[in-house]
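Report on the structure given below.
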Amino acid sequence: MQPVPLVTLLSVLGLACSLDNGLMRTPPMGWLAWERYRCNTDCTNDPDNCISEHLFRAMADRLAEDGWRALGYEYVNIDDCWTSKKRDAQGRLQPDPKRFPSGIKALADYVHAKGLKLGIYGDMGLYTCGGYPGTTLDTVQIDAETFAEWGVDMLKLDGCYSNDSMKAEGYPKMSAALNATGRPIAYSCSWPAYQGGLPPQVNYTQLGEICNLWRNYGDIQDSWDDVLNVIDWFGKNQELIIGDFGLSYEQSKVQMALWAVLAAPLFMSNDLRSISDKAKEILQNQMAISINQDRLGLQGVRMLKDKYFEVWKRTLSKGEYAVAFLLTANDGTPRPYLANLAKLYIVDCRLGYKVYDVFDSSFLGIFTLIDVIYLKINPSGVVLLHISPVCV
């Protein structure tokens, strides 16, 4: 079977108790360049796939015209390698003049005219991870002002070529500088990923005060093993790549299901100009998106992990739940799994619950708390259930 890679969901980010500036009250959705296009700056030999205004305009067109925007995919995010190798005479960051001849302001205007938002990348360090000019403590204010003047809607601030003290001062300073511009700019902090992702090294109380979202883990790669590694990290500690090359159809559904249950940002990193119908079907699944976007804002938890299976449950608003049953083995035949609501600790409505299979788009029936729900799960596959109470 032809691989059907998913979206590159960025490493799962915190949202529920984040910076209260009115932005990103639910996980953001959109498209970003990094996993698929990396730091490809060779526009001479690869003009359609290099980091350039042409690429971002093309993806904005696809988001607007192919049904993505209507489902909530609204961000077009530039990642590393967009700048010139030097700042301008006024000390401002500037885009590479050959690859972005119209400038970032013109690109933002183009994206906004499509009903979308533009995100941009920076780095709290001497250089970006790709070796381009970073944001140092003395350039935080001018960079924030520049992004606002250009009409940027989101900043991802990385942490390469930096140190702990620089990050500790710089990330809060950028938050204040962005707010001072008067333009609503969502702020994504990569700081925790450089501190191990866990307390006490990471102060999540502070992060919640200064960032709209944050990255706990390293960049996701286009492989099934890497998806499992991300899932396992969040299972222990509580970038979609669908549509690329590394995941099968079943594995793509796993990523979409788990990112929905984890309330993670749905940022695709694929080629929307050539994405397969099967990958598009997964990414545009309205029930999976509604689970991801649930306004209660609670992240799902892993209830079970054994030799073959994992079970993840997320509590949703209106007394509803989402439960993902994952078969991690990638060989053999589909395996049966017998579940019931009581064992899943879904017992508030004594009259029972309506159960839907999200990816099959099928109604499985009304189940009492002790009725057996018989599932069959494909190797390296998933069954994602949406469960809603019969009780009014």
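The structure presented is a predicted model; accordingly, all values stated were derived computationally and were not measured. Numbering of residues begins at 1 and proceeds along the displayed sequence.
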Exercise for the section: Hydrophobic side-chain clustering at under 4.5 Å (ILVMFWY, transitive links): who's grouped with Y161? Put none if nobody. Expected result: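 When side chains under 4.5 Å apart are linked, the cluster holding Y161 also contains L126, Y127.
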Where is the tightest heavy-atom contact between [X] and [Y], given as atom of each residue plus distance?
X    : Y    : result
P47  : T44  : CD-O, 4.1 Å
Q251 : L247 : OE1-CA, 3.5 Å
Q90  : I142 : O-CD1, 3.5 Å
T128 : C160 : C-CB, 4.1 Å
I289 : M256 : CG1-CE, 4.1 Å
I51  : C43  : O-SG, 4.5 Å

Got a salt bridge between [X] and [Y], using NZ or NE/NH1/NH2 to carboxylate O under 4.0 Å?
X    : Y    : result
E281 : K278 : no
D61  : R57  : no
R92  : E149 : yes
D271 : R273 : yes

For [Y], does its backbone N or O pair with a side-chain atom of [X] as donor and acceptor, under 3.5 Å?
X    : Y    : value
S380 : N330 : no
N292 : A264 : yes
T139 : T135 : no
R302 : E310 : no
N40  : D42  : yes
W312 : V261 : no
D96  : S84  : no
D153 : I185 : no
Q293 : P27  : yes
D371 : T368 : yes

Taking side chain as C-beta onward, heavy atoms only, is [X] less than 4.5 Å from [Y]?
X    : Y    : value
M124 : D158 : no
W82  : Y121 : yes
I120 : V152 : yes
D164 : E169 : no
D88  : L93  : no
F56  : Y110 : no
I387 : E320 : no
M268 : L32  : no

Handout entry: Y321-D348 side chain donor-acceptor pair, cut-off 3.5 Å
Key =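 The answer is yes; a qualifying pair exists.
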Practice task
Verify the distance criterion only: is there a donor paired with an acceptor across the side chains of S362 and D357 at less than 3.5 Å?
Solution key: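 No donor-acceptor contact under 3.5 Å links the two side chains.
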Is it true that atom [atom1] of [X] has more than 12 heavy atoms of other residues, nucleotides or ligands lying nearer than 6.0 Å?
X    : atom1 : value
K114 : NZ    : yes
D306 : CG    : yes
Q286 : CD    : no
Y345 : OH    : no
I370 : CD1   : no
K318 : NZ    : no
E145 : CD    : yes

Can you tell me how far [atom2] of [Y] sits from [atom1] of [X], rounded to the nearest 0.5 angstrom?
X    : Y    : atom1 : atom2 : result
R99  : T41  : CZ    : OG1   : 5.5 Å
Y187 : M174 : OH    : CE    : 6.0 Å
D277 : I282 : CG    : CD1   : 11.5 Å
L296 : L316 : CG    : CG    : 7.5 Å
L369 : L351 : CG    : CG    : 9.0 Å
S102 : L107 : OG    : CG    : 8.5 Å

Handout entry: C211 vs W191, side chain to side chain contact (heavy atoms under 4.5 Å, CB included): CA-CA, chis, key distance, verdict
Key = CA-CA 10 Å; C211 308; W191 188 11; 5.7 Å; no
Handout entry: Stacked cation flag K167 on Y194, 6.0 angstrom / 45 deg
Key =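 That pair qualifies as a cation-pi contact.
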Practice task
Mark yes or no: R335 above the aromatic ring of F309, with NZ or CZ under 6.0 Å from the six-membered ring centre and no more than 45 degrees from the axis.
Solution key: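 Here R335 fails the 6.0 Å and 45° test against F309.
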Exercise for the section: In sequence, state the C-alpha distance, the side-chain angles, and the governing distance for L118 and W150, and then conclude on side chain to side chain contact (heavy atoms under 4.5 Å, CB included). Expected result: CA-CA 10 Å; L118 182 70; W150 285 344; over 6 Å; no
Practice task
List the steps, then state whether side chain to side chain contact (heavy atoms under 4.5 Å, CB included) holds for M29 with F267.
Solution key: CA-CA 5 Å; M29 300 170 61; F267 280 127; over 6 Å; no
Practice task
Name the orientation class of the two ring planes belonging to W214 and Y204 (parallel below 30°, tilted from 30 to 60°, perpendicular beyond 60°).
Solution key: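 If you compare the ring of W214 with that of Y204, the planes turn out tilted.
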Handout entry: Residues V323, L384; criterion side chain to side chain contact (heavy atoms under 4.5 Å, CB included); working and verdict
Key = CA-CA 6 Å; V323 183; L384 178 60; over 6 Å; no
Problem - salt bridge (Lys or Arg N to Asp or Glu O under 4.0 Å) assessment of R87 paired with D143 - result: CA-CA 11 Å; R87 291 173 175 263; D143 288 354; 2.8 Å; yes
Handout entry: Cluster overlap L155 with Y132, hydrophobic side-chain contacts below 4.5 Å
Key =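 Different clusters: L155 never reaches Y132 through Ile, Leu, Val, Met, Phe, Trp or Tyr contacts under 4.5 Å.
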Handout entry: Pair Y337-F325, ring pair (Phe, Tyr, Trp, His ring centres under 6.0 Å): steps then yes or no
Key = CA-CA 8 Å; Y337 192 93; F325 300 85; 5.3 Å; yes
Problem - Ring centroid separation Y353 to F367 under 6.0 Å - result: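 Y353 vs F367: aromatic centres not under 6.0 Å.
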